[in-house]
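Data first, discussion second: the structure below is written as structure tokens.
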Protein chains: 2
Amino acid sequence: MAASPRRVGAETSKTRDVLIDSVERLMSEEGYASVTYRAVAAKAGVTPSLVQYYFPTLDDIFLATIRRRTDRNVTRLTEALEEHPDDPLRVLWQYSWAEATGALITEFMALGNHRKSIRAEIAEVTEKVRRVQLDALERRFAKGVHLPEGELSPGALLLLITGIPKFLNLEEGIGVKTAHGEVVEAFERYLGAAEPRRNIRKRKPPSRSPRR
Amino acid sequence: MAASPRRVGAETSKTRDVLIDSVERLMSEEGYASVTYRAVAAKAGVTPSLVQYYFPTLDDIFLATIRRRTDRNVTRLTEALEEHPDDPLRVLWQYSWAEATGALITEFMALGNHRKSIRAEIAEVTEKVRRVQLDALERRFAKGVHLPEGELSPGALLLLITGIPKFLNLEEGIGVKTAHGEVVEAFERYLGAAEPRRNIRKRKPPSRSPRR
DNA sequence: GTCTATACGGCGATAGAC
DNA sequence: GTCTATCGCCGTATAGAC
């Protein structure tokens with residue numbers, strides 16, 4: 001491979017981690033379009049050149065941010081599933097609400113829609129997480145999920161459990177919330193019937209960051 | 001109101017309509033970030049200044065595009081509901097797939113996440129459409145939707161019917177499609193049970209525009 | 001390994017000429 | 001109704017200081 005004269009900051013740098021903090025706050029508060037070298041630098045109190053030293057392109061900034069975030073998510077999911085091996089439905093429901101809270105995930109999906117590298121990264125981690133989740137579900141409901149009202153394949157139920165919080169969050173992001181409560185109630189009724197255990201859920205807070 | 005010195009092209013202009021065509025194609029093919037005065041102008045074969053004459057700011061471009069699109073959607077939805085007054089579930093299911101096809105709706109949702117004017121416009125039309133849809137559903141299932149397997153409020157069912165296609169489309173946009181078929185099958189089974197009529201659905205094509 | 005200064009072309013937006 | 005000139009901000013490549 002060709003020689004690369006360009007120098008890049010170490011991934012273990014404490015400065016680098018602080019910069020990613022600033023990126024997450026910027027994305028949540030103002031959207032990914034506001035993530036500029038100058039804005040990140042101002043937020044972190046450094047020069048734009050230093051941001052560029054750690055992240056040569058904007059893609060590198062977004063990629064590093066999404067990787068740190070998804071690594072933490074996977075850790076949290078794995079631990080929660082190990083801690084409650086008999087309640088995968090409620091664990092996944094609670095996890096998905098937490099994962100979708102705020103505008104961050106929506107911003108990343110939007111980014112993925114027109115940035116090739118971001119799209120590949122999100123697709124990979126999404127499929128990976130879905131595999132972990134499906135394994136947990138199939139260990140618990142080997143022959144399909146027996147809801148009192150009918151039958152649903154583990155894959156279909158998983159997609160609903162994890163997708164509904166994300167979709168409702170997406171709509172809330174633009175201020176739409178009609179009938180949201182009805183869907184949540186209906187789904188939690190189903191969950192309670194399929195997995196009649198004590199409540200371990202801890203629902204998301206209602207607030208979001210102000211927009212520009 | 002104060003005097004506005006800025007001059008703007010007429011809304012009835014044929015040129016304006018051609019420009020909106022170019023905007024839709026640009027957004028679908030490359031994402032909203034590629035919608036620039038220069039890019040739209042090049043696509044339509046005019047000068048960037050002319051684009052700016054019709055749309056003083058980028059917000060005006062996006063607003064005009066979303067309005068033309070949603071006007072057409074509302075017309076199509078109303079006609080379909082009138083044409084099949086006894087099959088609102090299948091009409092809404094089919095409509096929602098068509099509405100969500102391609103990357104356009106995702107791009108607009110993303111835009112709404114950090115553009116105040118876009119967010120307001122999307123929220124308004126979404127609530128308006130949902131009202132029309134809910135009315136149709138309640139006319140047909142006045143006392144709730146009696147699925148063979150249980151009960152679901154009209155609002156909850158509506159949100160699922162219209163939300164699932166959008167969410168699955170969102171995931172397909174970044175290349176994720178695990179278990180999508182299972183959800184579609186399960187839902188169409190429910191629909192068939194709640195509204196046992198002939199098939200009027202016509203599912204979306206599988207292709208999307210290439211990304212950069 | 002960490003950090004900075006500078007320069008380039010493309011961008012949205014405005015004011016105003018034809 | 002159409003088009004130009006100009007301004008300030010953007011990503012980012014480069015060259016180099018500590």
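Per chain, numbering begins at 1; letters A, B, ... match sequence-line order. Both backbone and side-chain heavy atoms feed into the values below; hydrogens, waters and symmetry mates do not.
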Original post:
So which of A:Lys116, A:Arg68, A:Arg67 actually passes salt bridge (charged side-chain N to carboxylate O under 4.0 Å, His left out) with A:Glu121?
Top reply: A:Arg67
Original post:
Between A:Glu99 and A:Lys166, is a salt bridge (Lys or Arg N to Asp or Glu O under 4.0 Å) present by the stated rule, with each step listed?
Top reply: CA-CA 8 Å; A:Glu99 188 193 11; A:Lys166 287 178 191 167; 3.8 Å; yes
Original post:
What is the distance, rounded to the nearest whole Å, between atom CG of B:Leu19 and atom P of D:dT2?
Top reply: 10 Å
Original post:
Short question: side chain of A:Asn113, backbone of B:Gly173 - any donor-acceptor pair under 3.5 Å?
Top reply: no
Could you tabulate the donor-acceptor pairs under 3.5 Å formed by side-chain atoms of residues 8-16 of chain A, not counting sequence neighbours?
| unit_1 | atom_1 | unit_2 | atom_2 | d |
| --- | --- | --- | --- | --- |
| A:Ser13 | OG | A:Thr15 | N | 3.1 |
| A:Ser13 | OG | A:Arg16 | N | 3.2 |
| A:Ser13 | OG | A:Tyr54 | OH | 2.9 |

Original post:
For the side chain of B:Tyr95 and the backbone of B:Thr162, is there at least one donor-acceptor N/O pair under 3.5 Å apart?
Top reply: no
**OP:** Spell out protein contact along nucleotides 11-18 of chain D as letters: B when the base is contacted, S when just the sugar-phosphate is, - when no protein heavy atom is under 4.0 Å; keep the 5' to 3' order.
**Re:** BBBB-BB-
Original post:
Looking for any heavy atom pair under 4.0 Å, which part of the strands does B:Tyr54 touch: base, sugar-phosphate only, or nothing?
Top reply: sugar-phosphate
**OP:** Check whether any side-chain N or O of A:Arg119 sits under 3.5 Å from a backbone N or O of B:Ile174 as a donor-acceptor pair, and report yes or no.
**Re:** no
Original post:
In whole angstrom, what separates A:Phe55's CZ from C:dC3's P?
Top reply: 12 Å
Original post:
A:Tyr53 OH to C:dC3 C1': how many Å, rounded?
Top reply: 8 Å
Original post:
Do any side-chain nitrogens or oxygens of A:Thr15 fall under 4.0 Å of OP1 or OP2 in C:dT2?
Top reply: no
